[in-house]
Amino acid sequence: MLRKYTVQLILVTLGGIITYLAYEELIGLYTLSVLMFMGVNIIMSTSLNLVNGNMGEFSCGHAGFMCVGAYVSSLLGVLLFSKDKIFGPPLLNPDLAIYFFPLVIIAGGIAAAFAGLLVALPSYKTRGDYLAIITIAANYIIISSIENLNVIGGSRGFMGMKKVINAMEDIIYLPWMVIWVFVFTVATVWALRRYTSSTFGKGVAAICQDEVAAEIMSVNTNKIKTITFMLSSGLAGIAGGLFAYIIGYVNPGSFNILKSTEALVMVYLGGMGSLSGAVLSAILFTVLLELLRPLQIIKWVVIPLLLIVLMQFRPEGIMGNRELSDIFPRLKRFYKFK
């Protein structure tokens, strides 16, 4: 019985240890920030891997959906729980922020999912490079639209999210952002694992192999593509909301094509269609960015160069299309996803 819940116990223990170390300030703010950004990158990498890896499409504007989630979550949180010079007094008691914060983040994910729906609908008759063009265009449309909305700061950005975090800490002093990033990261990986291993998820794999053959076998490809793209976009929106509250400031320039490129690098570094690979590559990529930070702009020469080397000597990525349980079969008996 205990073995069945081994993974769950390990995750709870790990989350408890990180929370305790953060609460006792045994981990510095810099290290905590790196760990939180690692969680955000895991959500971004695994969500994009669902479309580019598992479904075999080619989306290049994932940061646009992250931007939608970041702004919706930020605006909603400040509007409900914080006094702001634009929105005035909070609509709800700030003490309620501790209970409604996850709903605020999920609301950003839902908004991003609907933005993904608007992108998915015109892509039914497109494949390959055409979807990439559509998603890049959507990325620029979202950023340009927000830059011209002066009511929410425009190109100057929007802030005030730290007040929401402070409202939660005033009720119960805990490292709330560390906790919520950990919870949403674990929930994302779990949800994607369940989705890809479900009967519906088999249709996603069928589209990746041969979309025409899948249609002949009565697979509703349009429905599967729409739901998959909305799920991927929604998770990117959740990553955006967490990103905004970690920093306490959100700017449309933070979600340009370079941010989308980061997500692409993580997906291809880990291996197309590998959930384990997407998680490992996100961790590796985050650490690599921090190690190369002293190089400043030169790091964006080194990182693409490493990607080129990887494509030359291991084009399938770190994991290929395999999972950790494929390499270490004994891992399968420690968890069940049924």
Side-chain angles (χ1 to χ4, degrees), residues 14 17-19 21-22 25-49 60-67 69-71 74 139 143 155-159 161-162 165 175-182 184-185 188 236 238-271 277-314 317-319:
L14 178 61
I17 291 173
I18 294 175
T19 302
L21 293 176
E25 297 183 355
L26 298 175
I27 300 179
L29 291 176
Y30 172 75
T31 304
L32 281 177
S33 297
V34 173
L35 290 174
M36 288 189 286
F37 287 133
M38 196 176 289
V40 170
N41 283 339
I42 288 174
I43 298 175
M44 279 292 288
S45 177
T46 53
S47 62
L48 181 59
N49 182 64
C60 293
H62 214 51
F65 307 116
M66 188 181 184
C67 182
Y71 266 88
S74 300
N139 196 161
I143 291 175
S155 59
R156 299 187 305 277
F158 180 80
M159 62 178 59
M161 292 77 82
K162 287 295 184 182
I165 304 300
W176 285 109
M177 280 314 302
V178 175
I179 295 171
W180 288 122
V181 169
F182 184 82
F184 277 107
T185 301
T188 296
I238 287 175
L242 294 171
F243 178 83
Y245 278 92
I246 291 171
I247 297 179
Y249 168 79
V250 63
N251 183 289
S254 301
F255 306 100
N256 55 21
I257 195 65
L258 187 59
K259 195 68 176 179
S260 294
T261 303
E262 288 183 16
L264 286 170
V265 170
M266 287 186 283
V267 170
Y268 290 101
L269 177 64
V279 173
L280 291 174
S281 65
I283 295 172
L284 178 62
F285 185 78
T286 307
V287 173
L288 188 62
L289 281 181
E290 295 306 316
L291 292 177
L292 296 177
R293 187 175 293 277
L295 297 180
Q296 298 182 357
I297 195 65
I298 301 177
K299 71 180 180 181
W300 289 112
V301 176
V302 176
I303 290 174
L305 181 61
L306 291 175
L307 187 61
I308 292 173
V309 173
L310 179 70
M311 291 297 101
Q312 287 291 322
F313 296 99
R314 192 172 176 80
I318 296 173
M319 297 292 294

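Index from 1, following the sequence.
In terms of the side-chain hydrogen bond (donor to acceptor under 3.5 Å, both in side chains) criterion, residue partners of T286 (sequence neighbours excluded) are, by chain and number, N41. Contacts of S260 classified as side-chain hydrogen bond (donor to acceptor under 3.5 Å, both in side chains), with partners at least two apart in sequence or in another chain: N139. Partners of F313 under the side chain to side chain contact (heavy atoms under 4.5 Å, CB included) rule, at least two apart in sequence or in another chain, are V309. Looking at residues two or more places apart in sequence or on another chain, you find no side-chain hydrogen bond (donor to acceptor under 3.5 Å, both in side chains) involving T46.
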*Evaluate side chain to side chain contact (heavy atoms under 4.5 Å, CB included) for L35 paired with V178, printing each intermediate quantity in order.*
CA-CA 8 Å; L35 290 174; V178 175; over 6 Å; no

*Check step by step if side chain to side chain contact (heavy atoms under 4.5 Å, CB included) holds for I42 and F184.*
CA-CA 10 Å; I42 288 174; F184 277 107; over 6 Å; no

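Ring-plane geometry between W176 and W180 is classed as parallel, the angle between the planes falling under 30 degrees on a 0 to 90 degree scale with a further cut at 60.
The shortest non-hydrogen separation linking F255 to I143 is O-CD1, 3.0 Å. Scanning both residues, I43 and A239, for their nearest heavy atoms gives CG2-CB, 3.8 Å. When all heavy atoms of F243 and S254 are compared, the closest pair comes out as CE2-CB, 4.4 Å.
Taken from CZ in R293 to CG in L289, the straight-line distance is 7.5 Å, to the nearest 0.5 Å. To the nearest 0.5 angstrom, I246 atom CD1 is 9.0 Å from I165 atom CD1.
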Under 3.5 Å, which donor-acceptor pairs link side chains of residues 277-285 to any protein atom two or more places apart or in another chain?
unit_1: S281; atom_1: OG; unit_2: M266; atom_2: O; d: 2.6
unit_1: S281; atom_1: OG; unit_2: G277; atom_2: O; d: 3.0
unit_1: S281; atom_1: OG; unit_2: A278; atom_2: O; d: 3.0

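Within the structure, salt bridge (Lys or Arg N to Asp or Glu O under 4.0 Å) pairs that include any residue of residues 245-259 comprise K259-E262 (at least two apart or interchain).
Side chain of N251 to backbone of F158: no donor-acceptor contact under 3.5 angstrom is found.
Of the residues listed (T19, I17, I18), the one engaging L21 in a side chain to side chain contact (heavy atoms under 4.5 Å, CB included) is I17, and it is the only one.
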